[in-house]
Number of protein chains: 2
Amino acid sequence: MELSPTAYVILGLLSLGPKSGYEIKAFVDKSTRFFWAASYGQIYPELRKLSEAGLIDGEAKPAGGRRRTVYALTREGRKRLREWLAVEPDVLEMRDEGLLKLFFADATGGASAAETLAAKRRHHLEIVEQLRALEPLAAAKPERFPLLVCRYGIECNQWMADWCQRTAEELSAAEAGSKGRTA
Amino acid sequence: MELSPTAYVILGLLSLGPKSGYEIKAFVDKSTRFFWAASYGQIYPELRKLSEAGLIDGEAKPAGGRRRTVYALTREGRKRLREWLAVEPDVLEMRDEGLLKLFFADATGGASAAETLAAKRRHHLEIVEQLRALEPLAAAKPERFPLLVCRYGIECNQWMADWCQRTAEELSAAEAGSKGRTA
DNA sequence: GCATGCATGTAAGGAGTTACATGATTCA
DNA sequence: TGAATCATGTAACTCCTTACATGCATGC
């Protein structure tokens with residue numbers, strides 16, 4: 001049985017400890033979401049499939065009067081996770097509307113570029129802030145790799161934000177220069 | 001009428017000059033693909049929709065005996081493109097299986113991390129190479145922004161490749177250190 | 001009594017890929 | 001003659017998001 005990438009996100013998160021669907025979603029939003037997101041619409045059906053495949057095991061654990069199912073990796077699930085981890089990563093995709101708009105900015109004579117760069121920069125800085133808030137939480141846990149990846153996110157997004165600023169400055173300098181020559 | 005992001009990729013590419021569907025695909029593969037991909041399955045249906053909406057105009061231009069339709073932006077299409085360029089970019093998504101595998105590498109006791117980092121590094125370096133080959137082509141054109149974005153891609157992927165190497169070295173140093181202490 | 005959070009789920013649909021089908025042309 | 005390239009298109013599918021429905025519990 002072939003597993004979707006999101007199935008492995010779930011297996012991976014459960015390797016850090018048993019969780020309910022709700023907790024998985026909350027965890028994803030505070031961790032992997034920056035490089036691999038997941039929504040309820042994926043998580044709950046996937047939990048059922050993984051459970052049917054015997055890779056995870058659900059146990060009813062009501063909290064208060066609320067029904068609640070907590071899932072844990074089975075031995076087979078842990079094996080599948082480790083097998084996946086040993087295979088070379090393949091998917092590496094980006095969808096960056098800011099870069100797209102910058103790419104086509106000649107269509108506005110470059111007039112749209114400054115605002116596009118500023119918005120992209122804000123976006124990256126926002127992510128940096130969110131990750132910085134998460135960093136101490138990751139540092140407090142026994143696992144080493146989530147912290148490593150968190151720092152990658154911080155540094156990488158900071159680099160991107162800096163590039164935006166640098167480039168915006170170069171563009172406005174070039175513009176001022178050409179205006180100076182014309183005047 | 002709402003347009004999909006891919007529709008704007010097409011409008012943007014046509015702003016650089018009239019093209020057939022086939023040429024659009026080839027162009028995407030040599031330019032925007034690194035931050036926004038598109039396949040035939042999207043391009044041809046989208047060309048039809050854009051044509052019906054009056055944003056582009058198709059003209060039969062057989063090359064040799066092959067049937068061939070070349071599309072060009074209409075005035076309305078150019079307007080829509082510029083309107084889109086003036087709006088703040090929104091979508092910024094990443095799917096990085098390498099980071100995902102690194103994030104969960106504690107499940108193998110860290111044993112999988114070195115190979116994951118090496119593979120991710122190779123992947124980024126491959127992209128750097130492809131973009132470097134494209135750079136002189138972009139530089140030769142009258143438009144400024146495609147070259148800018150190409151250089152972003154080169155620098156950014158180089159940064160990511162360097163991070164992988166740096167991190168792999170740190171990990172192996174830490175491992176050697178802990179072994180030294182244990183021995 | 002009401003907003004918020006916990007908790008589980010589904011339906012509909014958007015977006016995009018892969019694989020295939022078709023057929024002409026060019027060049028070795 | 002056969003491979004590669006040009007050229008257009010579709011069907012099936014995966015993946016994922018959004019929006020909604022439901023209902024209990026907690027705390028103000």
Side-chain angles (χ1 to χ4, degrees), chain A residues 1-11 13 18-30 32-52 56 58-71 90-97 100, chain B residues 1-11 13 18-30 32-52 56 58-71 90-97 100:
Chain A
M1 180 207 177
E2 279 276 313
L3 297 184
S4 69
T6 301
Y8 288 109
V9 175
I10 292 176
L11 292 184
L13 288 183
K19 281 171 190 62
S20 69
Y22 188 84
E23 288 169 326
I24 288 172
K25 165 70 170 146
F27 204 112
V28 163
D29 283 346
K30 284 211 254 170
T32 70
R33 134 169 102 102
F34 300 102
F35 51 93
W36 208 291
S39 59
Y40 287 126
Q42 286 174 274
I43 291 170
Y44 283 109
E46 203 64 65
L47 283 172
R48 178 190 299 252
K49 279 184 224 163
L50 289 171
S51 184
E52 281 165 7
I56 63 176
E59 196 189 344
K61 281 221 176 137
R66 290 187 201 107
R67 86 181 157 128
R68 183 163 166 267
T69 309
V70 170
Y71 294 89
D90 180 39
V91 182
L92 178 58
E93 283 162 24
M94 222 194 279
R95 314 229 115 194
D96 187 331
E97 204 186 355
L100 206 54
Chain B
M1 179 206 178
E2 279 277 314
L3 297 183
S4 69
T6 302
Y8 287 110
V9 175
I10 292 175
L11 292 184
L13 287 183
K19 280 170 192 61
S20 68
Y22 187 84
E23 287 169 328
I24 287 172
K25 167 70 169 144
F27 204 112
V28 163
D29 283 345
K30 283 210 256 170
T32 69
R33 134 169 101 102
F34 300 101
F35 50 94
W36 208 291
S39 58
Y40 287 127
Q42 287 175 276
I43 290 168
Y44 284 108
E46 202 64 65
L47 282 172
R48 179 190 297 253
K49 279 185 222 158
L50 289 170
S51 185
E52 279 165 8
I56 63 176
E59 196 188 344
K61 280 219 178 140
R66 290 190 199 104
R67 84 179 159 130
R68 181 162 167 267
T69 309
V70 170
Y71 294 89
D90 181 38
V91 182
L92 179 57
E93 283 162 25
M94 224 192 278
R95 312 230 116 193
D96 187 331
E97 206 187 353
L100 207 53

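Every chain is numbered from 1, with letters handed out A, B, ... down the list of sequences. Below, all heavy atoms of this structure are taken into account, side chains as well, without hydrogens, waters or symmetry copies.
- Residue B/Gln42 places no side-chain N or O under 4.0 Å from the OP1 or OP2 atom of C/dA15.
- Along DNA chain D, the nucleotide nearest B/Glu23 and the nucleotide nearest B/Pro45 are compared for position; the residue whose nucleotide lies closer to the 5' end is B/Glu23.
- OP1 or OP2 of C/dT8 sits under 4.0 Å from a side-chain N or O of A/Tyr44.
- Rounded to the nearest 0.5 angstrom, B/Leu11 CG and B/Tyr71 OH are separated by 13.0 Å.
- In this structure, A/Tyr22 places its OH atom 14 Å from C1' of C/dG9, rounding to the nearest Å.
- Taking for each of B/Leu47 and A/Pro5 the nucleotide of DNA chain D with the nearest heavy atom, the 5'-most of the two is the partner of B/Leu47.
- Counting to the nearest Å, the C1' atom of C/dA15 and the CD1 atom of B/Ile10 are 13 Å from each other.
- Protein atom CD1 of B/Ile24 is 15 Å distant from nucleotide atom C1' of D/dC6, rounded to whole Å.
- Contact annotation for A/Gly21: backbone-only contact, meaning every heavy-atom pair under 4.0 Å involves sugar-phosphate atoms and none involves a base.
- Contact between the side-chain N/O atoms of A/Ser20 and the OP1/OP2 oxygens of C/dT8 is found at a separation under 4.0 Å.
- For the pair B/Tyr8 OH and C/dG14 C1', the computed distance is 16 Å after rounding to whole Å.
- In this structure, OG in B/Ser20 is found 6.0 Å from OH in B/Tyr44, a value given to the nearest 0.5 Å.
- Among the nucleotides C/dA7, C/dG16, C/dT8, the one closest to the side chain of B/Ser39 is C/dG16.
- The NZ-P distance, from A/Lys61 to C/dT8, rounds to 13 Å in whole Å.
- B/Tyr40 has its OH atom 19 Å from the C1' atom of C/dA15, to the nearest Å.
- Listed nucleotides: D/dT5, C/dG5, C/dG16. Nearest to the side chain of A/Arg66: C/dG5.
- For the pair B/Thr6 and B/Trp36, the minimum side-chain heavy-atom distance is below 4.5 Å.
- Contact check, B/Thr69 against D/dA7: no side-chain N or O comes under 4.0 Å of OP1 or OP2.
- Residues A/Arg48 and A/Arg68 both approach DNA chain C. Their nearest nucleotides, taken by heavy-atom distance, put A/Arg68 toward the 5′ side.
- Listed here is the closest heavy atom pair of A/Val70 and A/Pro18: CG1-CB, 3.6 Å.
- The closest side-chain heavy-atom distance from B/Leu47 to B/Ile24 is below 4.5 Å.
- Regarding A/Lys49, its NZ atom lies at a distance of 18 Å from the P atom of C/dT8, rounded to whole Å.
- The residue B/Ala26 sits apart from the nucleic acid: no heavy atom pair falls under 4.0 Å.
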